[in-house]
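Let me begin by presenting the structure, written as structure tokens, before commenting on it.
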Amino acid sequence: MPETRKMLNRSEFVAAARHGRKLVSSSLVVQIHNRGDDAHPRIGITATRKIGNAVTRNRAKRRLRALARDVLARHARPGHDYVLIARHNTPTKAWPVMQAECDRLMADHSRHQP
RNA sequence: UCAGAUGGCUGGAUGGCCGCUGGCGGGUUCGCCCCGUCAGAGGAAAGUCCGGGCUCCACGGAACCACGGUGCCGGGUAACCCCCGGCGAGGGUGACCUCAGGGAAAGUGCCACAGAAAAAAUACCGCCAUGGUGAUCAUGGCAAGGGUGAAAAGGUGCGGUAAGAGCGCACCGCGGUUCUGGUAACAGAACUGGCAGGGUAAACCCCACCGGGAGCAAGACCAUGUAGGAACGCAAAAGGGGGCUUCGGCCUCCAGCGGGGCGGUUUCGUCCGUGCGUUCGGGUAGGUUGCUAGCGUUGGCUGGUAACAGCCAUCCCAGAUGAAUGGCCAUCCAUCGUCAGGCUGACGCCAUGGCGAGGACAGAACCCGGCUUACAGGCCAUCUGACCCU
RNA sequence: UGGGGCGUAGCCAAGUGGUAAGGCAGCGGUUUUUGGUACCGUGCACCGUAGGUUCGAAUCCUACCGCCCCAG
């Protein structure tokens with residue numbers, strides 16, 4: 001399991017949104033961007049104000065962070081940025097379903113770009 | 001028992017697996033790497049509506065002019081648009097709740113429609129007297145009644161009168177004076193005045209008091225970096241002396257100029273200097289500190305009706321920065337729905353069992369004191385009204 | 001953190017204490033073979049919410065809600 005880093009700059013998020021692949025499921029969105037180097041994979045979390053108030057957004061970010069630790073880290077490859085975006089039902093979706101969705105998204109991505 | 005009023009407290013519990021941030025101790029292959037241990041959101045952390053601390057700037061003064069805020073009285077407080085107690089007005093059967101300064105005789109403004117008349121005084125329908133023959137009408141007196149309006153120069157009754165009118169009287173209201181109680185707001189009483197003449201200041205305003213500006217992205221240090229780029233438009237300036245020079249310029253002094261900052265203007269002072277606007281392009285935004293011990297927490301005693309204050313003891317209690325304080329699971333306790341059962345004439349109630357749902361509002365960002373707003377439920381105390389029983 | 005603005009009919013909006021304009025859209029009619037155009041008529045607003053001041057509030061005051069913008 002590779003070691004991951006956090007994405008910090010707005011420009012990194014913009015680059016992932018503009019050039020990366022976008023994978024959508026019912027409870028989350030993942031943007032994957034190949035930076036083209038061999039450094040650590042980086043993970044970023046986004047929860048917009050459309051999700052809800054501060055409590056709701058924080059809960060969504062914590063669930064996505066747990067998802068990144070449990071599922072995404074197994075699939076992460078060096079030189080890639082992974083941006084997890086919360087959707088409306090991210091705070092309330094059943095946990096096994098979210099794990100399965102995230103796992104399926106990552107598996108699809110690996111199959112299309114081996 | 002039911003219905004209500006006020007004040008206060010609380011804001012799920014336990015366990016397991018996997019994680020996050022910080023302090024301390026130890027290890028170390030020196031890397032925010034490992035191990036141990038301790039701590040880790042709220043009553044509103046929210047809205048950012050007031051008041052302070054703290055930091056930087058102005059640490060300038062004067063005058064005038066603004067601007068903003070507050071406003072019954074007394075107290076509390078570091079301070080307040082806050083809190084406590086009292087006064088007044090209004091509402092409620094009541095416990096209790098709501099509101100707010102004074103000035104409209106300092107001045108200005110506004111008061112639509114209706115109405116005769118809206119603050120200057122007047123008279124539409126009327127009443128009375130005189131003249132006129134009777135009606136119509138003329139002159140004079142009156143403002144009680146009608147009508148309009150949110151509001152029309154006190155109200156009710158009796159007397160009085162040509163008809164009327166505070167014209168007179170009684171009561172009520174109002175103004176003034178004095179006395180009494182109270183620190184005061186104010187209240188009460190006596191005497192007196194025949195009423196002394198609308199509303200609006202949450203319209204301008206007058207009066208009293210308060211207010212310098214910005215904000216932790218304040219500010220300090222280290223590192224990095226050369227640098228304050230170009231075009232257009234508008235307005236406007238470019239004097240002299242000295243020093244350094246890589247001869248491109250740079251520094252300094254004096255005078256002038258005009259502009260800008262110090263809330264505005266003036267005076268002096270001070271700082272900056274080609275200024276302003278638009279467009280385009282480029283660079284930086286990394287770390288440490290400020291950063292949590294403070295008008296502090298908890299408990300007791302004393303003073304005070306209370307807000308609160310004093311003293312003693314006790315405790316150390318979040319410091320993140322794409323932003324930690326959790327993710328998942330199980331059980332239990334509140335709560336709700338539903339089914340079966342029991343009681344009842346019925347509404348409904350009971351608690352036994354089964355199934356299902358399932359935690360309100362909400363997340364620190366420099367720190368305090370308040371205010372406002374949101375909030376599932378649960379608990380306590382005091383008080384009020386109604387009914388029943390003793 | 002500080003500052004500013006807006007909320008009125010389905011949409012765009014005027015109104016700044018005295019019965020809430022106007023336009024587009026809608027509906028009904030006339031003209032037309034039909035549609036469009038043109039003309040006539042008509043409905044639609046408790047003025048973001050809740051209190052207060054006033055005789056009277058979209059307007060003034062207070063609190064709240066939502067949206068947008070600016071500076072660092």
Side-chain angles (χ1 to χ4, degrees):
Chain A
M1 187 181 298
E3 190 178 343
T4 61
R5 291 286 153 80
K6 288 192 285 189
M7 294 169 65
L8 297 175
N9 286 339
R10 171 175 163 77
S11 58
E12 297 166 5
F13 281 83
V14 172
R18 191 169 298 165
H19 306 296
R21 283 180 53 80
K22 183 178 174 186
L23 307 170
V24 182
S25 75
S26 69
S27 60
L28 78 158
V29 176
V30 186
Q31 289 169 341
I32 302 171
H33 174 49
N34 188 348
R35 299 195 309 273
D37 54 27
D38 288 334
H40 291 295
R42 297 187 304 189
I43 293 178
I45 308 280
T46 296
T48 66
R49 287 188 62 189
K50 285 190 292 185
I51 301 298
N53 58 18
V55 175
T56 313
R57 293 199 303 272
N58 282 345
R59 180 171 165 80
K61 284 190 282 187
R62 288 195 298 258
R63 294 192 89 190
L64 289 180
R65 213 173 288 133
L67 202 65
R69 198 180 63 241
D70 294 346
V71 179
L72 200 80
R74 275 189 272 116
H75 300 274
R77 286 184 285 182
H80 287 67
D81 285 344
Y82 298 88
V83 177
L84 298 172
I85 301 173
R87 305 190 72 182
H88 283 96
N89 57 358
T90 301
T92 55
K93 192 85 169 180
W95 183 246
V97 177
M98 281 190 67
Q99 284 179 312
E101 285 182 355
C102 185
D103 201 57
R104 180 177 56 79
L105 288 181
M106 298 310 295
D108 284 355
H109 182 254
S110 301
R111 196 176 315 120
H112 285 113
Q113 294 190 342

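Everything numeric in this text was worked out from a predicted model, so none of it was measured.
- With A/R69 contributing its side chain and A/L64 its backbone, the two residues share no donor-acceptor pair below 3.5 Å.
- Two residues are said to be in side-chain contact when any heavy atoms from C-beta on lie closer than 4.5 Å; A/L28 and A/L67 meet this criterion.
- Tested against A/P91 for a side chain to side chain contact (heavy atoms under 4.5 Å, CB included), the candidates A/R57, A/R62, A/R59, A/K61 yield a single pass: A/R59.
- Applying side chain to side chain contact (heavy atoms under 4.5 Å, CB included) to A/Y82 and the options A/H33, A/Q31, A/M106, A/H75 leaves one that passes, A/M106.
- The glycosidic torsion of C/rA21 lies more than 90° away from 0, which places this base in the anti conformation.
- The residue among A/R65 and A/P91 whose nearest nucleotide of RNA chain B is located toward the 5' end is A/R65.
- Within residues 81-90 of chain A, no residue has any heavy atom closer than 4.0 Å to RNA chain B.
- Map A/T56 and A/I43 each onto its nearest nucleotide of RNA chain B; the residue landing nearer the 5' end is A/I43.
- A donor-acceptor pair under 3.5 Å links the side-chain atoms of A/N53 to the main chain of A/T56, judged by distance alone.
- For B/rA376 and B/rA357, the C1' atoms lie 15 Å apart once the distance is rounded to whole Å.
- Here B/rU325 presents its P atom at 8 Å from CG of A/N58, a figure rounded to the nearest Å.
- The same atom, C1', is picked in B/rC328 and in B/rG283; the two are 48 Å apart, to the nearest Å.
- Although no hydrogens or angles enter the test, the distance criterion places no donor-acceptor pair under 3.5 Å between the side chain of A/S27 and the main chain of A/M98.
- In textbook terms, a nucleotide whose glycosidic angle is within 90° of 0 is syn, and B/rU292 is one such case.
- Nucleotides B/rC191 and B/rG157 place their C1' atoms 25 Å apart, quoted to the nearest Å.
- Spacing of P atoms, B/rG363 relative to B/rG327, comes out at 16 Å, to the nearest Å.
- If you measure from atom CG of A/N53 to atom P of B/rG42, you get 18 Å, rounded to the nearest angstrom.
- With its glycosidic angle more than 90° from 0, B/rG327 adopts the anti conformation.
- The nearest whole Å value for the distance from the NZ atom in A/K61 to the C1' atom in B/rA323 is 7 Å.
- C/rC47 and C/rU19 have their P atoms separated by 16 Å, with the value rounded to a whole Å.
- Pairing of B/rC113, defined by two Watson-Crick or G-U wobble distances under 3.5 Å, is not identified with any nucleotide.
- When the nucleotides B/rG327, B/rG363, B/rA324 are ranked by their closest atom to the side chain of A/R59, B/rG327 comes out on top.
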Could you go over nucleotides 18-21 of chain B and give all protein N or O partners under 3.5 Å, atom names and distances?
{"from": "B/rG19", "atom 1": "O2'", "to": "A/R69", "atom 2": "NH1", "distance (Å)": "3.0"}

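- With its glycosidic angle more than 90° from 0, B/rG290 is assigned anti.
- Under the 90° criterion around 0 for the glycosidic angle, B/rC317 counts as syn.
- Remark: B/rC179 base-pairs with B/rG188. Criterion, Watson-Crick or G-U wobble with two distances under 3.5 Å.
- Candidate nucleotides B/rG363, B/rA323, B/rG322 were compared by shortest atom distance to the side chain of A/R62, and B/rG363 ranks first.
- Spacing between B/rG102 and B/rG71 at atom P, rounded to whole Å, works out to 12 Å.
- With both ends at atom P, the span from B/rA44 to C/rG10 equals 42 Å, rounded to whole Å.
- When both distances must be under 3.5 Å, the Watson-Crick or G-U wobble mate of B/rA121 does not exist.
- In the hydrophobic clustering of ILVMFWY residues, with side-chain heavy atoms under 4.5 Å counting as a link, A/V83 and A/V24 come out together.
- Here B/rG327 is the nucleotide among B/rA362, B/rA41, B/rG327 with the atom lying nearest to any side-chain atom of A/A66.
- At whole-Å resolution of the value, CH2 in A/W95 and C1' in B/rG326 are 11 Å apart.
- Using Watson-Crick or G-U wobble geometry with both donor-acceptor distances under 3.5 Å, B/rC174 finds its partner in B/rG193.
- Nucleotides B/rU77 and B/rC366 are separated by 24 Å at their C1' atoms, to the nearest Å.
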